[in-house]
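Encoded as structure tokens, the structure appears first; notes follow it.
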Amino acid sequence: MRFEVGAEDLLRTRFALSPVFELQNVMRALSGPHNRGIPEAWLGRLRGPFAELRAADPAVDAVDALHTPTAGATFLCPPPERIGQTIADDLAALRAAPAAAARAEIEFYLGRRPDTGDAARAVLTGADVLERLAGAFAAAWSALLAADWPRMRLLCERDVVYRAAELGRDGWAAALAGLHPKVRWRDGGIDTSGRTTESIPLGGDGLLLIPSVFIWPEIAVYGDEPWPKAIVYPARGVATLLETEPVAAPEHLAALLGRSRALLLDSLADAASTSQLARAFGMAVGAVGDHLAVLHRSGLVERARSGRSVLYRRTALGDSLMAAGTK
């Protein structure tokens, strides 16, 4: 697939996050047979809750029926609108999906999924299908991803900060080349290799770029009407996040700085704001600000303004202190 890009599109291209995209991908991995790049450590702890969801509501299997190995229904997971997108925003968009477009996609996928069970098929052909699917997603979010979302969101927000800076410094060709090997800038357009040969003009609406945890190591492309055109790509640092358990403060730093400051210093290899760190670690914004002020006065972190936010990052001295515990 190729997106034809005009000058107006470059100005209107933006970033957003999609909680429901992450949710549907982890649900697909749990439905099997492929883990979709998600480590067993993550899937293993979610299989029990997912089995309970499946037994309680056939709409969970209806979600799975709206996918093939290489595609999924767009109305089920419409492109998000903003960086601060919440699961509530995503489910509101699902409930408000254009009825004709949703019904056409349901018929398309049911025609390609003859293995769909009667109970799931009844959900998909019912008049309240959008509400049933949104309800299944809401229950799955609480059981499967709500606890992990702050860490995932922090990773994706950091990726946006990095990409935006790269875009401003080196331009579109360099920024897109860094998204994924399958995405590149060529002759005034964006190619996504491995897709269809269709060419789609953005028409002045711009492109939506969506960093994701559970798309790794692939990409996804939105090219259908009436939804915005978008590319979902793996956020930087995804492999590290998926291969580790929730962050704990390094013991050598906790003894020196206190556990909360050690945890924050450990997390600041990449830049983050006070509010991002507060969400990720379940701390009060004021408490995080106080800890960062101490770390800044000690020369362990530096800060710089980016738009309306102040971003913190470890200094060389902070890196040295982190490395001391590994020797």
Side-chain angles (χ1 to χ4, degrees), residues 16-68 71-82 84-97 99 102-103 105-106 109-110 113 115-153 156 210 212-215 220 232 241-242 246 279-280 282:
L17 305 187
S18 178
V20 77
F21 184 88
E22 309 290 9
L23 179 61
Q24 74 161 357
N25 269 10
V26 80
M27 290 173 70
R28 291 177 69 187
L30 289 164
S31 296
H34 303 297
N35 66 4
R36 307 185 63 78
I38 304 174
E40 180 58 33
W42 278 68
L43 297 181
R45 63 184 169 86
L46 299 180
R47 283 201 174 91
F50 183 69
E52 293 177 6
L53 290 168
R54 225 172 168 178
D57 188 354
V60 174
D61 284 335
V63 169
D64 184 58
L66 292 174
H67 296 86
T68 66
T74 304
F75 84 90
L76 191 64
C77 179
E81 295 183 352
R82 58 195 178 95
Q85 190 91 353
T86 66
I87 190 65
D89 295 331
D90 285 331
L91 299 187
L94 169 56
R95 291 183 174 102
R103 183 57 57 191
E105 287 199 287
I106 289 170
Y109 283 97
L110 283 178
R113 291 293 304 272
D115 58 326
T116 302
D118 292 341
R121 192 175 291 271
V123 170
L124 293 172
T125 55
D128 61 346
V129 57
L130 297 180
E131 185 60 42
R132 292 289 303 275
L133 293 172
F137 271 149
W141 179 261
S142 296
L144 304 178
L145 275 196
D148 289 307
W149 176 243
R151 286 196 302 146
M152 295 167 61
R153 176 175 170 173
C156 291
I210 307 168
S212 167
V213 172
F214 292 134
I215 192 64
V232 187
L241 175 71
L242 294 180
R279 283 194 302 268

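Worth knowing before you read on, the calculation uses all heavy atoms, side chains too, and leaves out hydrogens, waters and symmetry mates.
- Summarising the geometry, atom CG belonging to Asp90 is positioned 4.5 Å from atom OG belonging to Ser18; distances are rounded to the nearest 0.5 Å.
- By the 4.0 Å N-to-carboxylate-O rule, Arg28 lies too far from Asp64 to be salt-bridged with it.
- For Ala93, the side chain to side chain contact (heavy atoms under 4.5 Å, CB included) partners are Pro78, not counting sequence neighbours.
- Nearest heavy atoms, Leu76 versus Leu94: CA-CD1, 3.9 Å.
- Using a 4.0 Å cut-off between a side-chain N of Lys or Arg and a carboxylate O of Asp or Glu, Asp148 and Arg153 do not qualify as a salt bridge.
- Scanning all heavy atoms of the two residues, the minimum distance from Arg54 to Val60 falls at CG-CG1, 4.0 Å.
- Minimum interatomic distance between Leu124 and Val129 (heavy atoms only, all atoms of both residues): CA-CG2, 3.7 Å.
- A salt bridge links Glu40 with Arg47: the distance from a Lys NZ or Arg NE/NH1/NH2 to an Asp or Glu carboxylate oxygen falls below 4.0 Å.
- No donor-acceptor pair closer than 3.5 Å links the side chain of Tyr109 to the backbone N or O of Thr68.
- Counting all heavy atoms, side chain and backbone alike, Val123 lies closest to Ala62 at CG1-CB, 4.0 Å.
- Of all non-hydrogen atoms in Pro19 and Ile87, the two that sit nearest each other are CG-N, 3.8 Å.
- Contacts of Thr86 classified as side chain to side chain contact (heavy atoms under 4.5 Å, CB included), with partners at least two apart in sequence or in another chain: Arg82, Ala88, Asp89.
- Under a cutoff of 6.0 Å and an axis angle of 45°, Arg151 and Trp149 do not form a cation-pi pair.
- The heavy-atom pair separating Met27 from Ala140 by the smallest distance is SD-CB, 3.8 Å.
- Annotation: Glu105, atom CD; neighbour count of heavy atoms from other residues, nucleotides and ligands within 6.0 Å is above 12.
- For Asn25, there are no side chain to side chain donor-acceptor pair (under 3.5 Å) partners two or more places apart in sequence or in a different chain.
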